[in-house]
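See structure below.
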Protein chains: 2
Amino acid sequence: MSVHMRPSQALRLWQETALDEVRSGHPDLSFRQAAILLTIYLDPPPHTIRALAARLGVTKPVITRALDTMGAMNLVSRHRDPDDRRNVLVRRTVEGALYVERFGDRIVAKAAGLPL
Amino acid sequence: MSVHMRPSQALRLWQETALDEVRSGHPDLSFRQAAILLTIYLDPPPHTIRALAARLGVTKPVITRALDTMGAMNLVSRHRDPDDRRNVLVRRTVEGALYVERFGDRIVAKAAGLPL
DNA sequence: GAAAACGGATACGGTTCCGAAACGTTCAAC
DNA sequence: GTTGAACGTTTCGGAACCGTATCCGTTTTC
């Protein structure tokens with residue numbers, strides 16, 4: 001990864017990005033929801049409820065509820081696994097991909113504008 | 001213009017930090033709460049409810065409630081302004097300062113690709 | 001001194017979330 | 001077939017949070 005920054009820069013970056021996010025009027029995501037969303041979009045599929053719960057170190061209902069909420073926002077979608085109908089596969093959506101992409105771009109822009 | 005990263009690095013950094021935060025067992029902060037906390041710790045005081053609400057572009061009850069929650073976590077404290085007793089001044093706490101400091105250190109470590 | 005303006009907290013009805021436990025469905029083993 | 005495990009969801013009581021509106025104490029204005 002090898003990105004170099006000082007703690008004060010990291011904190012300022014986080015603050016400005018959070019402020020940006022709040023003011024954008026987007027629904028207020030929690031750390032948990034952000035972790036789930038980014039894992040779905042950055043880690044290779046397939047993503048099951050159980051695997052996500054293990055990755056975050058939380059219980060399955062936490063994932064189910066977070067997906068309910070983010071599904072209502074059209075950020076993710078759920079589909080039954082045809083090969084094993086017990087599984088639910090969590091997939092990306094166009095809207096979610098756009099959101100994640102813009103989010104990354106905003107962080108980069110903020111980082112570039114940080115004072116030395 | 002001091003911190004350089006690509007969008008994929010920014011997103012990965014955010015994911016790993018969020019995962020770290022979730023797994024730490026700390027209470028699950030929202031973007032709003034994080035924005036408030038970091039603003040109190042990074043911007044120069046004094047911090048009033050009204051000013052924080054304006055900075056985040058949200059209503060006053062949002063700030064009041066977030067401070068209730070974070071006050072219960074001992075991350076911030078409230079004090080009446082002796083000069084104008086209508087004002088409430090939001091101040092840092094030792095515990096909050098420690099939390100913010102460690103948070104910044106963790107981001108830096110993740111960015112460098114090093115274990116903490 | 002009375003009235004208006006200000007700053008923050010509170011009340012309200014509603015949604016989301018929590019952890020723990022129980023539930024239905026689906027698959028695998030025997 | 002029947003049993004047992006696996007997967008995700010739902011339930012429960014309780015807590016936190018939402019936006020809007022209102023309330024209370026304080027300060028300012030006239």
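To find a chain, count down the sequence lines: A is the first, B the second, and so on, and within it residues start at 1.
Note on A:Thr48: only backbone sugar-phosphate atoms sit closer than 4.0 angstrom, heavy atoms only; bases stay farther off.
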Using a cut-off of under 3.5 Å, enumerate the N/O to N/O pairs linking the protein to nucleotides 24-30 of chain D.
residue, atom, partner, partner atom, Å
D:dT27, OP1, B:Arg85, N, 2.8

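Checked for salt-bridge contact, A:Asp43 and B:Arg12 meet the test: a charged N lies under 4.0 Å from a carboxylate O.
Summarising the geometry, the separation between CZ on A:Arg65 and P on D:dG13 is reported as 15 Å, rounded to the nearest angstrom. When the C1' atom of D:dA16 is taken as reference, atom CD1 of B:Ile63 falls 16 Å away, rounded to whole Å. The distance from atom CD of B:Gln33 to atom C1' of C:dT16 is 13 Å, rounded to the nearest whole Å. Rounded to whole Å, atom P of C:dC18 lies 13 Å from atom CG of B:Leu29. To the nearest angstrom, C1' of D:dA16 lies 13 Å from CE of B:Met70. When the C1' atom of D:dA15 is taken as reference, atom CG of B:Asp68 falls 13 Å away, rounded to whole Å. Taking atom CZ of A:Arg32 as the reference point, atom C1' of C:dC18 lies 8 Å away to the nearest angstrom. Rounded to whole angstrom, the span from the CG atom of A:Leu67 across to the C1' atom of C:dC17 amounts to 14 Å.
In this structure, A:Ile107 CD1 and A:Arg102 CZ are separated by 14.5 Å, a value rounded to the nearest 0.5 Å.
The side chain of B:Asn87 lies closest to C:dG7 when the candidates are C:dG7, C:dG19, C:dA9. Side chain of B:Thr64, nearest nucleotide from C:dT16, C:dG19, C:dT10: C:dT10. Listed nucleotides C:dA20, D:dG19, C:dG7 differ in distance to B:Val62; the shortest reach to its side chain belongs to D:dG19.
Checked against B:Tyr41 for a side-chain contact (heavy atoms from CB on, under 4.5 Å), the options B:Leu37, B:Thr39, B:Leu38 give a single hit: B:Leu37.
With a 4.5 Å cut-off on side-chain heavy atoms, A:His4 and B:Val3 do not count as touching. The shortest side-chain heavy-atom distance between A:Leu67 and A:Ile63 falls under the 4.5 Å cut-off. Looking at B:Pro46 and B:Arg91, their side chains never come closer than 4.5 Å, going by heavy atoms from C-beta outward.
For the residue pair A:Ser8/A:Arg6, the side-chain donor-acceptor check at 3.5 Å is satisfied.
Between A:Arg80 and B:Lys60, the one whose closest nucleotide on DNA chain C sits nearer the 5' end is B:Lys60.
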